[in-house]
Amino acid sequence: MSGAPETIYGLRAGLAVFEMRRDDIERIAFAREVHGELDALVRFASQRGLPCKEERSDALARLAQSQNHEGLCVVAKARKFIAQADLAELLVRRKGAAIALDRVRNPYNVGAIIRTAAFFGIDAMILGAPAPHPALAPDAVRVAEGGAEHVAISRTTDLADTLARLRKQNITIVGADGHAKTSALTYAFTRPVVLVVGHEREGISARIRPHLTDVVSISGSSTIESLNVAVATGILISKM
């Protein structure tokens, strides 16, 4: 059964939906000031007979349930998440790379990581958190600036089990830990690979650690103990 429609807000996020899955679009609302950037989208809506209307900022905020709509809201069919078996097949076939988030929940960090992953051509993202089933927060989609449409996204309520299954497919599982002795800057990532980043304060959970092939760290001065998780993940992604 398909889920409820998704409201994507943010100019680049909305335009990416039009680029990558336009057949999913059900409704469009936009502010006058961005109309000049939406010619193709508005034309498409007219051809399909889709509701497409200029709205005031307060109406867009109500639709988005956020003031951060950037002048565009696109209502689309529920986002499709990649199944775990398909994720493994994709990584093996492409000799690809994925990022696994272990209890990373802040939507601004999640969105920034997805944006960086898309920029560097990372194939997939695994959202891992205890029940209720982890989803992709609307603000994460906005912050990703369209990246959420270019990275295959999987989700699991048992990341340890998911990583164990991936490792059985000869996929390398590398964890990021500030106390690891191996430097990420000199580590040779072997694809297919999954990079696991953990909760900003608690790090990677104990249940995840037995499934890691290697653990790497980013060295810095002793002034600050650690990096923001999105910044650290960006550095690690650039090395993959």
Side-chain angles (χ1 to χ4, degrees), residues 79-106 109-137 140 144 147-184 186-200 202-218 229-230 232-240:
R79 184 178 300 274
K80 295 178 181 177
F81 294 90
I82 186 171
Q84 293 179 35
D86 294 333
L87 171 65
E89 190 276 333
L90 177 132
L91 292 176
V92 171
R93 173 169 48 84
R94 293 187 182 179
K95 291 190 176 179
I99 310 298
L101 305 185
D102 176 20
R103 299 165 300 132
V104 178
R105 297 185 180 90
N106 183 297
N109 285 333
V110 173
I113 292 170
I114 295 174
R115 180 177 181 177
T116 302
F119 179 85
F120 282 106
I122 297 298
D123 298 282
M125 172 84 67
I126 306 169
L127 304 177
H133 216 329
L136 194 56
E149 309 304 328
H150 294 275
V151 177
I153 299 176
S154 182
R155 55 184 183 172
T156 177
T157 54
D158 191 343
L159 183 59
D161 179 70
T162 297
L163 295 175
R165 292 171 184 270
L166 292 173
R167 190 166 175 179
K168 287 179 180 178
Q169 299 293 318
N170 295 317
I171 297 170
T172 304
I173 312 294
V174 180
D177 185 332
H179 300 291
K181 295 181 180 180
T182 301
S183 171
T186 56
Y187 179 77
F189 286 89
T190 303
R191 295 192 179 204
V193 62
V194 175
L195 171 69
V196 185
V197 295
H199 187 279
E200 199 156 16
E202 301 168 7
I204 294 173
S205 60
R207 289 192 68 243
I208 301 298
R209 291 184 178 275
H211 306 293
L212 302 177
T213 310
D214 291 304
V215 184
V216 299
S217 66
I218 301 171
V229 66
T233 306
I235 293 171
L236 294 165
I237 289 173
S238 73
K239 304 300 294 183
M240 293 172 70

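In this chain, numbering begins with 1 at the start of the sequence shown.
- Val215 is not listed as a side-chain neighbour of Thr182, based on a closest heavy-atom distance of 4.5 Å or more.
- The main-chain N or O of Ala230 is never found under 3.5 Å from a side-chain atom of Thr233 such that the two would form a donor-acceptor pair.
- Tested against Ile126 for a side-chain contact (heavy atoms from CB on, under 4.5 Å), the candidates Leu87, Ile82, Val196 yield a single pass: Leu87.
- Put simply, the side chain of Thr172 never gets that close to the backbone of Val193: no donor and acceptor are under 3.5 Å apart.
- Formation of a donor-acceptor pair under 3.5 Å by the Arg155 side chain with backbone atoms of Ala129 is not found in this model.
- In this structure, the separation between OG on Ser217 and NE2 on His179 is 9.5 Å, given to the nearest 0.5 Å.
- For the pair Ala184 and Leu236, the tightest heavy-atom approach, listed with the atom from each and the gap, is CB-CD2, 3.2 Å.
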_side-chain contact (heavy atoms from CB on, under 4.5 Å) for Lys239 and Tyr187? Distances and angles first, verdict last._
CA-CA 8 Å; Lys239 304 300 294 183; Tyr187 179 77; over 6 Å; no
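- Side-chain contact check for Val110 versus Met125: every heavy-atom pair is 4.5 Å or farther apart.
- Within a 6.0 Å radius of CZ in Arg167, other residues, nucleotides and ligands contribute more than 12 heavy atoms.
- The two atoms that bring Ser154 and Gln84 nearest to each other are OG-CG, 4.0 Å, heavy atoms only.
- Taking CZ of Arg93 as the start and CG of Asp86 as the end, the distance is 9.5 Å to the nearest 0.5 Å.
- Remark: the backbone N or O of Ala97 is paired with a side-chain donor or acceptor of Asp123 at under 3.5 angstrom.
- Closest heavy-atom contact between His150 and Ala118: CB-CB, 4.3 Å.
- Atom OG1 in Thr156 sits 12.5 Å away from atom CZ in Phe81 (nearest 0.5 Å).
- Interatomic distance, Asn106 CG to His199 NE2, rounded to the nearest 0.5 Å: 10.0 Å.
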*Run the side-chain contact (heavy atoms from CB on, under 4.5 Å) check on Leu136 and Ile114 step by step: do they pass?*
CA-CA 11 Å; Leu136 194 56; Ile114 295 174; 3.7 Å; yes
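- Counting non-hydrogen atoms of other residues, nucleotides and ligands closer than 6.0 Å to CZ of Phe119 gives a total of 12 or fewer.
- A donor-acceptor pair is defined here as one N or O able to donate and one able to accept, closer than 3.5 Å; no such pair exists between the side chain of Asp177 and the backbone of Gly203.
- Atom CG of Asn170 is surrounded by 12 or fewer heavy atoms from other residues, nucleotides or ligands within 6.0 Å.
- Of all the heavy atoms in Val92 and Gln169, the pair that sits closest is CG2-O, 3.9 Å.
- Scanning both residues, Val197 and Ala176, for their nearest heavy atoms gives CG1-CB, 4.1 Å.
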*Run the side-chain contact (heavy atoms from CB on, under 4.5 Å) check on His211 and Arg165 step by step: do they pass?*
CA-CA 9 Å; His211 306 293; Arg165 292 171 184 270; over 6 Å; no
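- Residue Val194 forms a side-chain contact (heavy atoms from CB on, under 4.5 Å) with just one option from Thr162, Thr213, Val174, Leu166, and that option is Leu166.
- Taking CG from Leu101 and CD1 from Ile113, the interatomic distance works out to 5.0 Å, rounded to the nearest 0.5 Å.
- Interatomic distance, CG of Leu127 versus CZ of Arg105, reported as 11.5 Å (0.5 Å rounding).
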_Arg103 vs Leu159, test: side-chain contact (heavy atoms from CB on, under 4.5 Å). Steps then yes/no._
CA-CA 9 Å; Arg103 299 165 300 132; Leu159 183 59; over 6 Å; no
